[in-house]
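Since the structure comes first, as structure tokens, the remarks are kept for the end.
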Amino acid sequence: MRGLIRVIIFIAVIWSVYWFVAGFGLRNAITTWFDKQQEQGWQADFSDVETAGYPLNHMTRLNNPALADPVNGTAWSADWIEFQSPAIWPGRQVLRFAGTPQRLSYFDQTATIQAADLQAELQLQPGVALMLEKMALTAGPWSITDDSEALAGGNTLALVMEQTATPEAYVISAQADGFTPGDDLRELMRSATTLPQAFETLELDLTATFDKAWDRSALEQSRPQPVKLDLRLAEMQWGALRLFATGELDVDPQGIPIGEISIRAENWRDMIAMANAAGALPDQAVDPVTTTLNFLAGLGGNPNALDVQLNFRDGFVAMGPIPLGPAPRLILR
């Protein structure tokens with residue numbers, strides 16, 4: 001029995017030493033990063049740092065963190081930010097944000113972000129390369145305001161990027177339950193007076209294949225570039241307005257997409273009226289566009305539902321037989 005007790009005490013001592021050494025290393029890595037940003041001319045500071053979580057986790061909290069890049073005019077501040085990881089493997093990090101207001105600025109424009117249970121999760125595969133297995137951002141009720149005016153909000157938010165069995169392919173999903181547009185967007189969409197306060201559906205589900213897996217080289221060398229996009233579903237429903245999209249695109253080394261995206265729009269005439277009210281569609285273009293889309297909708301048998309296909313070929317995009325212009329370049333900088 002005494003021998004067993006000695007073994008237990010020995011293991012506890014070794015684990016405690018490991019925990020404190022690893023915890024100090026993580027804490028030092030975070031504070032050193034802030035110091036390096038200051039050397040590059042940033043404002044990067046915090047009031048104090050706390051370490052907790054013994055014996056199973058490492059938790060490092062920075063109180064009153066503030067970051068500002070004078071070159072591009074961006075700045076962020078919060079009451080606190082917390083890093084947590086299992087003591088056995090720091091490559092599974094959870095980043096928790098304060099539930100109190102955070103401020104995000106771009107030059108003289110400042111937005112206030114407030115979200116319950118806002119956290120980012122990062123899972124890295126053990127090894128020198130630190131290959132990305134999963135990255136996620138989730139939140140409960142959230143809102144973004146500007147000078148006390150609502151810009152957007154929602155009940156929940158979930159953004160996930162997760163590696164598949166193919167190391168270079170990742171499933172990317174996004175879902176915002178109860179997404180509520182702000183007053184500015186509603187003013188732009190003033191022609192749609194019957195729209196409810198919140199979207200019923202706003203979600204995305206696609207698989208993106210890159211030319212290499214996401215790992216530490218994405219920061220130290222070059223970003224992985226998309227070579228194939230499989231859009232299983234993009235869906236938006238806001239009252240009577242519904243929009244669906246699905247399709248596949250191949251992407252060449254210059255970032256030019258090749259393929260088709262099928263789109264279905266229900267109550268598309270209201271969308272034209274909203275685009276016109278928002279200034280995205282000039283008055284003189286409303287009648288020609290309506291006539292053309294009415295013809296395409298009639299081909300599908302339901303005049304209130306528009307089924308069209310976006311064709312990406314030779315660096316250009318066309319909606320059915322109608323050329324729309326150059327295709328966007330899909331390049332990650």
Side-chain angles (χ1 to χ4, degrees), residues 111-118 137-160 172-206 231-247 260-310 317 319-320 322 324:
T112 300
I113 303 171
Q114 187 162 4
D117 304 320
L118 176 62
L137 177 70
T138 59
W142 60 276
S143 65
I144 302 176
T145 59
D146 180 11
D147 295 330
S148 300
E149 182 176 318
L151 299 179
N155 297 330
T156 63
L157 178 66
L159 308 174
V160 181
I172 300 175
S173 62
Q175 184 171 357
D177 291 336
F179 175 76
T180 305
D183 297 335
D184 286 347
L185 180 57
R186 285 191 163 277
E187 177 62 23
L188 287 175
M189 305 307 179
R190 56 187 177 272
S191 62
T193 58
T194 61
L195 291 176
Q197 282 292 112
F199 283 43
E200 285 86 347
T201 306
L202 187 62
E203 62 181 72
L204 171 72
D205 181 15
L206 70 86
L231 177 61
R232 285 185 292 276
L233 178 67
E235 181 180 359
M236 180 275 288
Q237 180 180 358
W238 191 13
L241 305 181
R242 301 191 70 181
L243 191 65
F244 305 85
T246 183
E260 296 83 27
I261 299 292
S262 298
I263 297 177
R264 180 179 178 84
E266 297 181 1
N267 292 297
W268 55 273
R269 291 180 182 82
D270 288 342
M271 297 182 187
I272 291 179
M274 292 166 64
N276 177 243
L281 186 66
D283 293 340
Q284 61 270 24
V286 172
D287 288 341
V289 169
T290 302
T291 300
T292 302
L293 296 184
N294 191 57
F295 170 75
L296 295 175
L299 296 178
N302 182 357
N304 292 320
L306 178 65
D307 292 287
V308 297
Q309 181 171 283
L310 295 182
V317 58
M319 184 176 65
I322 306 172
L324 299 179

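On a predicted model such as this, the values are computed, not experimentally measured, just so you know. Residues take their numbers from the sequence shown, with the count starting at 1.
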Point-to-point distance, once rounded to the nearest 0.5 Å, from CZ of Arg264 to CD of Gln309 = 14.5 Å
Under the 3.5 angstrom rule, does the side chain of Thr246 hit a backbone N or O of Leu231 as a donor-acceptor pair?
-> yes
Shortest non-hydrogen contact between Trp142 and Ala115, atoms and distance = CB-CB, 3.7 Å
Roughly how far, to the nearest 0.5 Å, is CD1 of Ile144 from OG1 of Thr112?
-> 10.0 Å
Return the set of residues passing side-chain contact (heavy atoms from CB on, under 4.5 Å) with Ala240 (not counting sequence neighbours), or none when no residue passes.
-> Asn267
Nearest-0.5 Å distance that lies between atom CD in Glu200 and atom CH2 in Trp238 = 10.0 Å
Could you tell me which non-hydrogen atom of Thr180 sits nearest to which non-hydrogen atom of Ala198, and how far apart they are?
-> OG1-CB, 3.6 Å
ring-ring contact (aromatic ring centres under 6.0 Å, His included) involving Phe179 - partner list, sequence neighbours excluded | Phe199
Whether Ser143 side chain and Pro141 backbone form a donor-acceptor pair below 3.5 Å = no
Qualifying residues under side-chain contact (heavy atoms from CB on, under 4.5 Å), relative to Glu203, sequence neighbours excluded | Gln175, Thr201, Leu233, Glu235
Heavy-atom closest contact (Leu157 atom, Ala176 atom, distance) = CD1-CB, 4.2 Å
Applying side-chain hydrogen bond (donor to acceptor under 3.5 Å, both in side chains), name anything that partners Gln197, two or more places apart in sequence or on another chain.
-> none
Leu118 and Leu137, any side-chain heavy atoms less than 4.5 Å apart | yes
Counting N and O atoms only, with roles assigned by atom type, does the side chain of Glu266 sit under 3.5 Å from a partner on the main chain of Asn304, one being a donor and the other an acceptor?
-> no
Could you list the residues that satisfy side-chain contact (heavy atoms from CB on, under 4.5 Å) with Asn294, not counting sequence neighbours?
-> Trp268, Arg269
Nearest 0.5 Å please: distance from the CG atom of Asp117 over to the OG1 atom of Thr156.
-> 11.5 Å
Using the test salt bridge (Lys or Arg N to Asp or Glu O under 4.0 Å), find all partners of Arg232 that sit at least two apart in sequence or belong to another chain.
-> Asp205
Could you tell me which non-hydrogen atom of Ile261 sits nearest to which non-hydrogen atom of Ala245, and how far apart they are?
-> CG2-CB, 4.2 Å
For Thr145 and Ala150, the nearest pair of non-hydrogen atoms, with its separation, is CG2-CA, 4.1 Å
